[in-house]
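Each chain gets a letter, A, B and so on, in the order its sequence line appears, and its residues count up from 1. All values below were derived from every heavy atom in this structure, side-chain atoms included, with hydrogens, water molecules and symmetry-related copies excluded.
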There are 2 protein chains.
Amino acid sequence: MARKSTDTKEKLLDAFETLLERHGTSGATLDAVAAEAGVSKGGLLYHFGSKAELVKGSLDRLRVLVSEDIKEMKAAEAGPHIFYLETSAEIGTPLDRSLVAASRLSHEYDEARETLREIRNAWLEVINDHLGDIHLAHTIQLIGDGLYLKESVGLSAEEAVEHVKNVLARLGL
Amino acid sequence: MARKSTDTKEKLLDAFETLLERHGTSGATLDAVAAEAGVSKGGLLYHFGSKAELVKGSLDRLRVLVSEDIKEMKAAEAGPHIFYLETSAEIGTPLDRSLVAASRLSHEYDEARETLREIRNAWLEVINDHLGDIHLAHTIQLIGDGLYLKESVGLSAEEAVEHVKNVLARLGL
DNA sequence: TAAACTATACCGTCCAGACGGTATAGTTGA
DNA sequence: TCAACTATACCGTCTGGACGGTATAGTTTA
């Protein structure tokens, strides 16, 4: 039936990220990704000629999602820093899933590490531009990282956000 | 030469953790661990009968290191929370190395995830007991997590600690 | 002598990747 | 308009290598 190429590519990337999240890099084999996406292995390799291309495809999509997120951040009513903390605690969004996948990959692929570094810097810049306080900006980013890490260890980050907001209030935020 | 069994075991665990940190779980094969430790594969399997036992050995050692760390935390002059933040930014210590290894393993081994959860809870308890402020305790732990994550992505966490201390000062800490 | 190894040879399984083939939608030119 | 051709989107099979684990025979040192 030859569905649109982009649809299948997205499905393959979704499958790749799902498997990375569930079982780590060792679980995200080409066979498993193809099966998860409901595509044959040959089909997968038609779209992504190698595992490296699959990794690259995932990171490319992450960069797009982040640039969209940064637009939202800048436009957020409560300010970019609050938006940042709240979205750090969100799980299951396309951005979150893509970010988790990249962090799994970062242990074995330098390109993933580099991408995560760039993303971190972009976020920090937005927060610092808004607050005009580099100490606070760094601290908020660390808290966001912490929320993300907590979630990735399988603990709820939602209640933690409330604790953070309580503390931020004391700082006049 | 038949050196002490415990020495070789430690060397094997060191090698395992080194490879986990450098190349992730996929790089820490039994062959590679044995080679890194300067031991034959047979020698490795003499001490750790399977890869699962190697994982368990690493987590057991981590738990010991953490219990020692908690003693130091409680006795720290500047308070457990400052000790916690400063040691979160330290890299290359046995505890740090063991912790990085466990976090690599946590993506593929439930036991590692569970161990990390327990450790997090233990640290939080100490900080909360000292500060008597659950909001602050959670926030400090998140910052510590952030420092750890930042370091594990290959960025220096040392300067970040200074930013955090600046902010903590505003909170009367 | 027994514990602590080394060295080597395997085995079954899984994985990345290559390859040949198929189906179909669109394009071109006589 | 229709046959010839091209591009896209797959499927199924195979191979070479790596990995976890087993087995076994010999070696070193307290």
| For the pair made of CG in A/Leu45 and C1' in D/dT13, what is the distance, rounded to whole Å? | 13 Å

| message | Below the 4.0 Å mark, does D/dA9 have OP1 or OP2 next to a side-chain nitrogen or oxygen of A/His47? | response | no

| said: Less than 3.5 Å apart, any donor N or O on the side chain of B/Tyr148 or B/Ser103 sitting next to an acceptor on the other? | reply: yes

| query | Applying the side chain to side chain contact (heavy atoms under 4.5 Å, CB included) test to B/Leu95, which of B/Thr87, B/Leu62, B/Val100 qualifies? | reply | B/Leu62

| Rounded distance (Å) that lies between atom P of C/dC14 and atom NE2 of A/His23 | 15 Å

| task | Send over the distance from B/Phe48 CZ to D/dG20 C1', rounded to a whole Å. | result | 16 Å

| query | For the pair made of CG in B/Leu30 and P in D/dG21, what is the distance, rounded to whole Å? | reply | 6 Å

| field | Donor + acceptor pair across side chains of B/Arg61, B/Ser98 (<3.5 Å) | value | no

| field | Close side-chain approach of B/Ile127 and B/Met73, heavy atoms under 4.5 Å | value | yes

| said: Without decimals, in angstroms, what is the distance between B/Leu44 CG and C/dT6 P? | reply: 10 Å

| request: Step through the shown structure and confirm whether more than 12 heavy atoms of other residues, nucleotides or ligands are within 6.0 Å of CD on A/Glu114. | output: yes

| message | Between C1' on D/dT8 and NZ on A/Lys9, what's the gap in Å once rounded to a whole number? | response | 12 Å

| field | N/O (side chain, A/Ser50) to phosphate O (OP1/OP2, C/dA16) under 4.0 Å | value | no

| query | NA contact type, B/Ser40, heavy-atom cut-off 4.0 Å: base, sugar-phosphate, or nothing? | reply | base

| Between D/dG20 (P) and B/Asp31 (CG): distance, integer Å | 7 Å

| said: Can you tell whether the side chains of A/Lys11 and A/Asp7 come within less than 4.0 Å, N to carboxylate O? | reply: no

| D/dG12 base / A/Lys41 side chain donor-acceptor hit below 3.5 Å | no

| To the side chain of A/Thr29, which of D/dT22, D/dG20, C/dC15 is closest? | C/dC15

| query | When the nearest nucleotide of DNA chain C is assigned to A/Gly49 and to A/Ser26 on a heavy-atom basis, which residue is associated with the more 5' position? | reply | A/Ser26

| field | Selection from D/dG21, C/dT6, C/dG17 that lies nearest to any side-chain heavy atom of A/Lys51 | value | C/dG17

| When B/Thr18 is tested against each of B/Glu36, B/Arg97, B/His23 for side-chain hydrogen bond (donor to acceptor under 3.5 Å, both in side chains), which residue passes? | B/Arg97

| Could you give the angle between the helix axes at the two ends of the helix from C/dT1-D/dA30 to C/dA30-D/dT1, with five pairs per end, rounded to 10 degrees? | 20°

| request: To the nearest Å, give me how far apart CD (A/Glu108) and P (C/dA16) are. | output: 11 Å

| Which listed nucleotide (D/dC19, C/dG17, C/dC5) is nearest to the side chain of B/Tyr46? | C/dC5

